[in-house]
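Letters A, B, ... mirror the listed sequences (proteins, then strands); counts begin at 1. Quick note: numbers below take in every heavy atom, side chains included, and nothing from hydrogens, waters or symmetry partners.
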Amino acid sequence: MSTETERIEKMANREYRYGFITDIETDSLPAGLNEDIIRALSAKKKEPEWLLEWRLKAYRSWLKMEEPHWAHIHYDPIDYQKIVYYSAPKNKKKYDSLDEVDPELLRTYEKLGIPLEEQKVLAGVAVDAVFDSVSVATTFKEKLSELGIIFCSFSEAVRNHPELVRKYLGSVVPPNDNFFAALNSAVFSDGSFVYIPKGVRCPMELSTYFRINAADTGQFERTLIIADEDSYVSYLEGCTAPQRDENQLHAAVVELVSHRNAYLKYSTVQNWYPGDKEGKGGIYNFVTKRGICKEENAKISWTQVETGSAITWKYPSVILKGDHSVGEFYSVAMTNNYQQADTGTKMIHLGRNTRSTIVSKGISAGKSNNSYRGLVKIGKNAENSRNYSQCDSLLIGDQCGAHTFPYIDIQNPTAQMEHEATTSKIGEDQIFYLNQRGISTEDAVSMIVNGYCKEVFRELPMEFAVEAQNLLNLSLEGSVG
Amino acid sequence: MLEVKNLHASIEGNEILKGIDLKINRGEIHAIMGPNGSGKSTLANVLAGKEEYEVTRGEVFYNGKNLLEMAPEERARAGIFLAFQYPVEIPGVTNMYFLKTALNEKRKYQGLDEIDAVDFLALVREKMKVVEMDQSLLNRPVNEGFSGGEKKRNEIFQMAILEPRLGILDETDSGLDIDALRIVANGVNQLHDKDKSFLVVTHYQRLLNYIIPDYVHVLYNGKIVKSGGKELALELEDKGYDWLK
């Protein structure tokens with residue numbers, strides 16, 4: 001065991017590979033939060049009056065709320081007056097092609113391994129790249145608009161499709177839903193907006209890469225995706241963040257609306273900076289993600305691979321309102337060093353014959369803590385509803401923790417529930433077996449973990465699955481202790 | 001090719017091997033027999049490099065190299081293969097993927113390019129016949145849900161793909177019915193040639209009806225107490241181990 005531990009510790013001591021800072025001038029508001037800041041932010045974004053009012057209302061309810069502390073996570077108090085709530089790259093010109101984009105910015109993407117031009121050609125993915133808070137490059141838009149698909153930055157949607165934004169914004173996650181959602185509603189900077197019209201099958205994976213950059217800038221993304229009747233869309237979100245000393249708050253809100261017979265698939269690979277080996281720095285990721293299956297046969301599927309952030313607080317949920325609607329949640333959450341994750345899902349069954357599936361794979365290494373927290377609620381009118389939950393925990397080393405908090409609330413006796421949970425450790429025997437076949441310990445751990453996560457990875461679109469595996473392998477460097 | 005000199009090994013402070021001397025030349029098949037607890041499996045695992053065992057004294061040379069200084073994966077790449085007594089399950093990792101990774105590690109060590117998918121498939125097809133392996137086992141996770149016999153067969157199948165220079169069979173016959181035993185033994189015999197050596201650890205003589213050893217060694221209480229030709233195995237079958245104690 002001792003040499004194994006040494007080897008593994010050596011892997012652990014590698015630096016976060018995506019830690020670098022791009023030097024681009026930013027145009028920021030002063031730190032702090034009050035109504036004037038919100039007015040200035042809204043004015044900078046040239047927003048309509050109704051949206052400013054919406055923000056202010058959210059801000060006022062936020063003032064009355066308290067930061068939640070029920071999750072199995074620990075951190076020093078956040079000073080919300082020290083956060084910069086608006087920062088945008090100065091170069092705000094609109095571009096017709098990538099040639100016009102700031103080359104420094106393009107180099108950043110290249111370092112991340114996501115060159116836009118290659119993505120466009122090779123993967124057939126339209127990328128709406130969010131750099132800090134303002135969308136810089138949007139591709140494939142024309143092809144999508146031929147089908148009536150709207151895929152743009154949130155600000156653009158506010159300008160060009162105010163009726164849609166107004167109709168759906170806050171309809172799934174109300175501005176006063178919770179502390180972090182209220183904060184986001186007050187100060188959200190930008191994000192993505194997607195609308196798939198009736199009967200349209202989106203021909204490509206829609207993808208957005210987020211990246212936090214300017215120092216001490218809170219990132220408050222707002223994403224709204226609407227799949228109208230009989231439509232289909234697969235949306236990918238992936239992120240990496242540069243290395244920083246101070247903690248950075250990230251409180252996004254994602255709202256999904258799936259109408260009659262629509263299928264909305266949302267996949268995330270999350271790799272925010274997790275902090276260093278001593279637990280210093282890293283992103284606080286307090287996210288509210290929720291979808292609603294509004295009418296019958298609607299389907300929403302969340303798939304997430306969470307490897308980053310110092311703290312993750314995230315429960316992508318589905319409200320199964322329509323009869324026969326389907327909700328799915330597939331998750332891999334990996335924590336290492338001093339990372340803390342409290343993540344899971346909520347499946348709220350309201351309609352008849354609704355079905356939900358939960359597959360959660362937690363991996364804890366180092367001194368990290370990983371909690372699954374899930375709620376399955378069957379409402380009193382949800383006749384014949386079914387849920388299947390599988391929550392597995394994998395422990396690497398003996399200083400980490402895995403916790404499972406399943407909540408079940410059933411108000412209809414016809415409900416069928418299945419719950420399976422396992423906790424396992426990567427065995428010395430498994431590692432030796434792979435060693436004996438010529439596979440190094442590092443590769444062996446990675447192989448075992450990837451095998452363990454397979455059920456989730458196969459839900460990811462192909463090109464994303466590869467990236468997810470790479471990220472997982474990166475995060476595993478330095479597991480066990 | 002393998003030379004073991006005065007090898008002592010212990011686990012958690014208990015000495016299990018108490019001075020083993022063993023020399024295996026290229027192409028030879030050696031059988032290690034002995035009663036339960038005599039140290040047979042320990043010897044197999046120590047040669048493969050299992051870290052739980054501490055080598056307290058002695059030397060092992062493998063093709064002139066100091067084996068004890070090599071990491072388990074290096075030993076494997078250099079051609080030492082251990083067919084496990086209790087093969088472990090690796091959920092979610094298909095047999096095919098696992099084997100391809102293992103083969104490529106070995107090829108890398110030998111300075112060869114990675115094998116391409118078509119060649120690998122052809123190789124798999126050919127070697128499957130060696131152990132009459134069911135194709136459905138290839139795409140299943142490594143050993144997961146395999147029967148005892150299927151696991152053992154899978155070990156020999158892996159051995160056939162990796163073509164080791166020294167194959168160590170750790171009680172591969174235990175728990176096998178006579179048909180499975182014959183298939184496993186046939187597999188080993190097909191792999192055996194003038195360059196490949198085998199160390200067959202077994203409790204019973206019956207495996208040696210199928211795999212004919214050049215030498216038989218009796219291990220008792222951590223030491224080789226008697227060595228002989230294949231007829232020694234028959235004698236043991238007749239008389240048991242007591243007369244050697």
Side-chain angles (χ1 to χ4, degrees), chain A residues 1-8 10-11 305 330 332 334 359 361 363 390 392-395 420 422-460 465-466 468-469 472-473 476 480, chain B residues 12 44-45 47-54 69-95 97-110 140-144 151 154-155 157-159 161-164 167-168 170:
Chain A
M1 182 63 204
S2 61
T3 47
E4 191 134 290
T5 309
E6 277 165 33
R7 254 183 282 162
I8 285 158
K10 211 159 68 194
M11 293 185 232
V305 176
Y330 298 96
V332 166
M334 155 102 207
V359 177
K361 302 273 183 179
I363 303 155
Q390 185 191 334
D392 297 330
S393 306
L394 186 67
L395 301 170
E420 288 177 28
T422 65
T423 302
S424 50
K425 263 187 95 160
I426 289 192
E428 299 287 310
D429 283 354
Q430 284 177 316
I431 292 175
F432 179 60
Y433 189 76
L434 297 178
N435 284 163
Q436 214 302 304
R437 298 302 183 250
I439 298 165
S440 69
T441 298
E442 185 175 1
D443 291 345
V445 170
S446 143
M447 189 182 261
I448 293 165
V449 170
N450 277 297
Y452 166 79
C453 297
K454 199 174 195 177
E455 281 164 280
V456 174
F457 286 164
R458 71 171 172 228
E459 295 297 323
L460 289 170
V466 173
Q469 282 193 19
L472 202 60
N473 292 345
L476 276 169
V480 203
Chain B
E12 289 164 1
N45 280 294
L47 292 177
K50 192 161 189 179
E51 287 180 7
E52 284 161 45
Y53 296 98
E54 195 194 344
E69 282 179 354
M70 294 163 79
E73 60 269 31
E74 283 178 71
R75 300 183 195 195
R77 292 169 195 162
I80 290 183
F81 182 97
L82 173 63
F84 283 78
Q85 186 176 4
Y86 304 109
V88 296
E89 301 182 358
I90 318 279
V93 177
T94 65
N95 235 348
Y97 177 73
F98 161 65
L99 260 180
K100 198 173 167 195
T101 308
L103 181 61
N104 280 331
E105 287 296 344
K106 189 180 170 183
R107 290 176 65 95
K108 227 188 297 174
Y109 182 84
Q110 294 170 329
R140 287 200 2 220
V142 179
N143 294 324
E144 202 181 37
K151 281 182 184 170
N154 198 23
E155 293 293 291
F157 172 63
Q158 291 173 30
M159 189 161 87
I161 295 273
L162 296 173
E163 301 212 21
I168 304 170
D170 186 8

- Would you mind checking which part of B:L82 comes under 4.5 Å of any heavy atom in chain A, side chain (CB onward), backbone (N, CA, C, O), both or neither? both

- Item | Lys/Arg-Asp/Glu bridge criterion (N-O < 4.0 Å) met for B:R77, B:E74 | no

- Item | Part of B:L99 within contact of chain A (heavy atom distance under 4.5 Å) | neither

- Message: Please determine whether salt bridge (Lys or Arg N to Asp or Glu O under 4.0 Å) holds for the pair B:E89 and B:K151, giving the CA-CA distance in whole Å, both sets of side-chain angles, and the decisive distance to 0.1 Å.
- Response: CA-CA 9 Å; B:E89 301 182 358; B:K151 281 182 184 170; 3.6 Å; yes

- Item | Minimal non-hydrogen separation, B:G49 against B:P72, with atom names | O-CG, 3.4 Å

- Message: Quick check on B:P141 against chain A: is it the side chain, the backbone, both or neither that has a heavy atom closer than 4.5 Å?
- Response: neither

- Query: Do the numbers put B:R75 on top of the ring of B:F81, so that NZ or CZ is under 6.0 Å from the six-membered ring centre and no more than 45° off the axis?
  - Reply: no

- Task: Kindly determine whether B:Y86 and A:D429 satisfy side chain to side chain donor-acceptor pair (under 3.5 Å), including the steps that lead there.
- Result: CA-CA 10 Å; B:Y86 304 109; A:D429 283 354; over 6 Å; no

- Task: Check whether A:Y452 gets within reach of chain B through its side chain, its backbone, both or neither, counting any heavy atom under 4.5 Å.
- Result: backbone

- Part of B:Y109 lying under 4.5 Å from any heavy atom of chain A: neither

- Message: Please classify the contact between B:K106 and chain A as side chain, backbone, both or neither, with a heavy-atom cut-off of under 4.5 Å.
- Response: neither

